[in-house]
Q: 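I'd like to ask you about the structure that follows.
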Amino acid sequence: MSNIHIRTRFAPSPTGFLHVGGLRTALYNYLFAKQNGGKFILRIEDTDRARLVEGAEENIIETLRTFGLDFDEGPIKQSEHLKRYKELAEELIQKGVAYEDAGAVRFKMPKGGVTKFIDIIHGEIEIENKTQEDFIILKSDGFPTYNLAHLVDDHDMEITHVIRGDEFISSMPKYIALHGAFGWELPQYAHLPLILGKNRAKLSKREGEVAVKDFLDDGYFKEAILNFVALLGWHPSKSDKEIFTLEELIKEFKLEDVQKAGAIFDTAKLDWMNSEYIRQKSPRELLAYLKDAGCPFGRPASKSGDLEKIIALEQPRLKKLSELLEKTDYFFREPEYEAVLLEWKNMDNNQIKNSLELSAELLKAVSDKDFTKENLEKIFLERAKDFKDRGELLWPLRVALTGRKASPGPFEIMEILEKEKSISRVQNAINMLK
RNA sequence: GGCCCUAUCGUCUAGCCUGGUUAGGACACCACGCUUUCAAUGUGGGAACACGGGUUCGAAUCCCGUUGGGGCCA
């Protein structure tokens, strides 16, 4: 608790929905603040009025809440500080370090020397001042540019650590010169490597799914997304642990261990991670989650106990919850398939028919009460011994029940389908072969 | 084009600071086992130090250069 005064901020522009890169920046800011007992603050940088997108601010706030990245202060909006920026621009003109130019105010960038600073992630960085031009700090419409506004607010909000994307490194001489002109102390900086698309370029909306909301809507768990994003550019120093809760991340995250090079955002590992989280949850939790999400799974209604059983069957096969509806459709309507699918290896039509007729016969002999997975398995596996291989009995049966090449096993399915429906599906298959 | 950042398997990365490893893990991929199918699971496998020079007995690791990638500005 020694660093009680540490203050970080996440300062997005509301020019679009929160994307994965933004989420990671917010997360790292949050983790660093929390692990030091400090404060995490949200600031909305809404001074570029032309690029504002409706609903973006709400989406950013809502998404941060969803992930549990609760901010201690804010949201603070820059558009409410217009007077402050104007006064400060004025002050710089008075001091002779800024001047008016076609209605705008420009800051006089020192032309000689080098700017040196320490970045927590990159170490020492040196940039010659002559690479920078005099730059606009206040536009003719009275709105400040990023160059001025972000650092005024960081100062006023007493931000101690600025953790943001790499893309600002080359403008650091501007920010440092401006701090000098105001006589303000510099915060510490940590510039995060960019998250790149498959084409190695900065992730952009044009590539489709980059909004965090899209992933949420697509059936990825928030825990999985957060976990995945945390590992894009960071790795625990003394272990190979990969599954982390937010609390664990707060304990183990180290800003100095953040990678210097950009990371490609590739969803293959996210899929795996999501399936890990799906398997960790109980079917009941998954069902509740689906209900909350307004997913039509299970409608029209069957008994709710069955829904949990159905989820339990597919659980180890799911990468995303959104696959559930399609994968379990045969529980809710009669399967449709081609008769050839019933064929196992080199069986001919007659053999298939005989196999299915035996199945029907065996099923009819089981009472409703005994129509359980265990019982059915015992009965069928015993009879399957009469065949060259079990598949001759079990494959046609399973296809008759599901209409699918791939599915869970027939016994667990039949327990859920119950006797009458199981038999009728087998009967339908037999009829197809006539 | 100028400036800046950056470089280990296909991807995310450990190792680099403090030279000596069969260069480790995870995902993905392949094979095998289990198995009626698909998963899950178990075992095994292929797969990387961008390149060129130094320094050194010895370089992924230190230095220089080149190339590639990215960013910012124009």
Side-chain angles (χ1 to χ4, degrees), chain A residues 21 24 109 114-115 117 119 121-135 146-147 164-174 191-204 224 227-243 256-276 278-279 312-319 323 327 341-345 347 355 359 377 380-381 383-384 387-413:
Chain A
R24 192 194 58 175
M109 190 61 204
V114 292
T115 295
F117 66 99
D119 182 277
I121 293 165
H122 296 272
E124 187 174 280
I125 295 176
E126 265 189 49
I127 303 174
E128 293 199 63
N129 288 335
K130 68 179 183 205
T131 61
Q132 314 281 321
E133 309 193 314
D134 290 358
F135 56 97
Y146 174 84
N147 294 148
R164 54 148 52 147
D166 248 357
E167 68 264 35
F168 298 106
I169 289 182
S170 37
S171 302
M172 280 297 287
K174 291 186 174 75
H191 285 97
L192 270 20
L194 263 14
I195 294 182
L196 314 171
K198 285 228 170 70
N199 59 0
R200 295 210 151 265
K202 195 173 168 180
L203 213 50
S204 78
N227 193 157
F228 177 70
V229 151
L231 256 23
L232 265 188
W234 172 79
H235 182 278
S237 43
K238 289 275 176 278
S239 84
D240 283 321
K241 180 172 164 163
E242 299 216 89
I243 302 294
E256 314 87 79
D257 288 341
V258 170
Q259 204 73 18
K260 289 189 178 104
I264 294 177
F265 184 81
D266 179 358
T267 51
K269 194 160 182 172
L270 173 61
D271 282 349
W272 165 76
M273 204 167 263
N274 201 53
S275 65
E276 286 284 304
I278 287 177
R279 276 175 258 141
L313 281 195
E314 274 311 324
Q315 198 170 358
R317 280 162 246 264
L318 294 176
K319 287 190 160 64
E323 297 167 343
K327 286 199 169 198
L341 194 57
L342 292 162
E343 187 182 323
W344 171 249
K345 291 185 178 168
M347 291 173 86
S355 164
S359 288
E377 186 164 11
F380 276 81
L381 291 189
R383 284 310 282 269
F387 290 82
K388 204 163 65 217
D389 84 62
R390 286 174 171 186
E392 294 190 358
L393 179 62
L394 301 181
W395 173 274
L397 170 62
R398 198 187 51 76
V399 171
L401 295 165
T402 64
R404 293 177 161 254
K405 275 212 289 271
S407 77
F411 312 120
E412 35 199 0
I413 290 173

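Naming convention: chains lettered A, B, ... in sequence-line order (proteins, then strands); numbering from 1 in each chain. Quick caveat: nothing in here was measured; it's all calculated off a predicted structure.
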Q: I need the full list of salt bridge (charged side-chain N to carboxylate O under 4.0 Å, His left out) pairs touching residues 258-273 of chain A, with sequence neighbours left out, sorted by first then second residue.
A: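 Non-adjacent pairs meeting salt bridge (charged side-chain N to carboxylate O under 4.0 Å, His left out): A:Glu242-A:Lys269.
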
Q: With sequence neighbours left out, write down each residue that passes ring-ring contact (aromatic ring centres under 6.0 Å, His included) with A:His122, or none if nothing qualifies.
A: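 Here no residue qualifies.
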
Q: Side chain of A:Ile169: nearest nucleotide among B:C4, B:A28, B:U41?
A: B:C4

Q: Expressed as a whole number of Å, how far does the P atom of B:U37 sit from that of B:G69?
A: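 Their P atoms lie roughly 48 Å apart.
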
Q: Answer yes or no: is there a side-chain heavy-atom contact under 4.5 Å between A:Leu194 and A:Glu167?
A: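 Yes - at least one pair of side-chain heavy atoms lies under 4.5 Å apart.
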
Q: For A:Glu128, check salt bridge (Lys or Arg N to Asp or Glu O under 4.0 Å) against everything at least two apart and list the hits.
A: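 Testing A:Glu128 for salt bridge (Lys or Arg N to Asp or Glu O under 4.0 Å), a comparison that skips the adjacent residues, returns A:Lys130.
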
Q: B:G20 pairs with which nucleotide, Watson-Crick or G-U wobble, both distances below 3.5 Å?
A: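 The base-pairing partner of B:G20, which may sit in any strand shown, is B:C57.
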
Q: Can you tell me the base-pairing partner of B:C32? Count Watson-Crick or G-U wobble geometry only, both distances below 3.5 Å, and say none if there is no partner.
A: B:G42

Q: With sequence neighbours excluded, what pairs up with A:Ser170 under the side-chain contact (heavy atoms from CB on, under 4.5 Å) test?
A: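 So A:Ser170 forms no side-chain contact (heavy atoms from CB on, under 4.5 Å) with any residue.
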
Q: In terms of side-chain heavy atoms of A:Lys269, which of B:A7, B:U13, B:G25 is nearest?
A: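 Closest nucleotide to the A:Lys269 side chain: B:G25.
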
Q: Round to the nearest Å and state the distance from A:Ile264 atom CD1 to B:A7 atom P.
A: 14 Å

Q: Is there a Watson-Crick or G-U wobble partner for B:G65 with both distances under 3.5 Å, and which nucleotide is it?
A: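 Partner of B:G65: B:C51.
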
Q: Under 3.5 Å, which N/O atoms of the protein pair with N/O atoms of nucleotides 71-74 of chain B?
A:
from, atom 1, to, atom 2, distance (Å)
B:G71, OP1, A:Lys202, N, 3.3
B:C72, OP1, A:Lys202, NZ, 3.0

Q: Can you see if the side chain of A:Gln132 gets near the phosphate of B:C4 - specifically, an N or O under 4.0 Å from OP1 or OP2?
A: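 The answer is no; no side-chain N or O of A:Gln132 sits under 4.0 Å from OP1 or OP2.
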
Q: Suppose we screen for ring-ring contact (aromatic ring centres under 6.0 Å, His included). Which residues come up paired with A:Trp395, at least two apart in sequence or across chains?
A: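 In terms of ring-ring contact (aromatic ring centres under 6.0 Å, His included), with neighbours along the sequence ignored, A:Trp395 is linked to A:Trp344.
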
Q: Taking only residues two or more places apart in sequence, or in another chain, which ones meet A:Glu323 in a salt bridge (Lys or Arg N to Asp or Glu O under 4.0 Å)?
A: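 A:Glu323 satisfies salt bridge (Lys or Arg N to Asp or Glu O under 4.0 Å) with no other residue.
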
Q: What does the list of N/O pairs under 3.5 Å between the protein and nucleotides 36-40 of chain B look like, with a distance for each?
A:
from, atom 1, to, atom 2, distance (Å)
B:U36, OP1, A:Arg390, NE, 3.4
B:U36, OP1, A:Arg390, NH1, 2.6
B:U36, O2, A:Arg398, NE, 3.3
B:U37, O2', A:Lys405, O, 3.0
B:U37, O2, A:Arg398, NH1, 3.4
B:U37, O2, A:Ser407, N, 2.9
B:U37, O2, A:Ser407, O, 3.1
B:U37, N3, A:Ser407, O, 2.6
B:U37, O4, A:Gly409, N, 3.4
B:C38, O2, A:Arg317, NH1, 2.4
B:C38, N3, A:Arg317, NH1, 2.4
B:A39, O2', A:Pro316, O, 2.8
B:A40, O3', A:Arg279, NH1, 3.4

Q: Taking only residues two or more places apart in sequence, or in another chain, which ones meet A:Asp240 in a salt bridge (Lys or Arg N to Asp or Glu O under 4.0 Å)?
A: none

Q: Checking all strands, does A:Ile125 fall into the base, sugar-phosphate, or nothing category for heavy-atom contacts under 4.0 angstrom?
A: sugar-phosphate

Q: In this structure, how many angstroms lie between the P atom of B:A28 and the CZ atom of A:Phe265, rounded?
A: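 Rounded to the whole Å, the gap is 16 Å.
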
Q: Could you check which nucleotide pairs with B:A74 in any of the strands shown, counting Watson-Crick or G-U wobble with both distances under 3.5 Å?
A: none

Q: Which nucleotide in the set B:C4, B:U13, B:A28 lies at the smallest distance from any side-chain heavy atom of A:Ala268?
A: B:A28

Q: I want to check one thing: is the phosphate of B:U6, taken as OP1 and OP2, less than 4.0 Å away from some side-chain N or O of A:His122?
A: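 So the side-chain polar atoms of A:His122 do come within 4.0 Å of the phosphate oxygens OP1 or OP2 of B:U6, strictly under.
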
Q: With nearest nucleotides of RNA chain B determined for A:Asp240 and A:Asp257 from heavy-atom distances, which residue corresponds to the more 5′ nucleotide?
A: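 Nearer the 5' end of the strand: A:Asp257.
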
Q: Suppose we screen for ring-ring contact (aromatic ring centres under 6.0 Å, His included). Which residues come up paired with A:Phe380, at least two apart in sequence or across chains?
A: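 Applying ring-ring contact (aromatic ring centres under 6.0 Å, His included) to A:Phe380 gives A:Phe411.
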
Q: Anything under 3.5 Å between a protein N or O and an N or O of nucleotides 42-50 of chain B, put it in a table, one pair a line.
A:
none

Q: Test of understanding: with salt bridge (Lys or Arg N to Asp or Glu O under 4.0 Å), list the residues that count as partners of A:Lys405, not counting sequence neighbours.
A: none

Q: Using atom P of each nucleotide, how far apart are B:A60 and B:C49 to the nearest Å?
A: 11 Å

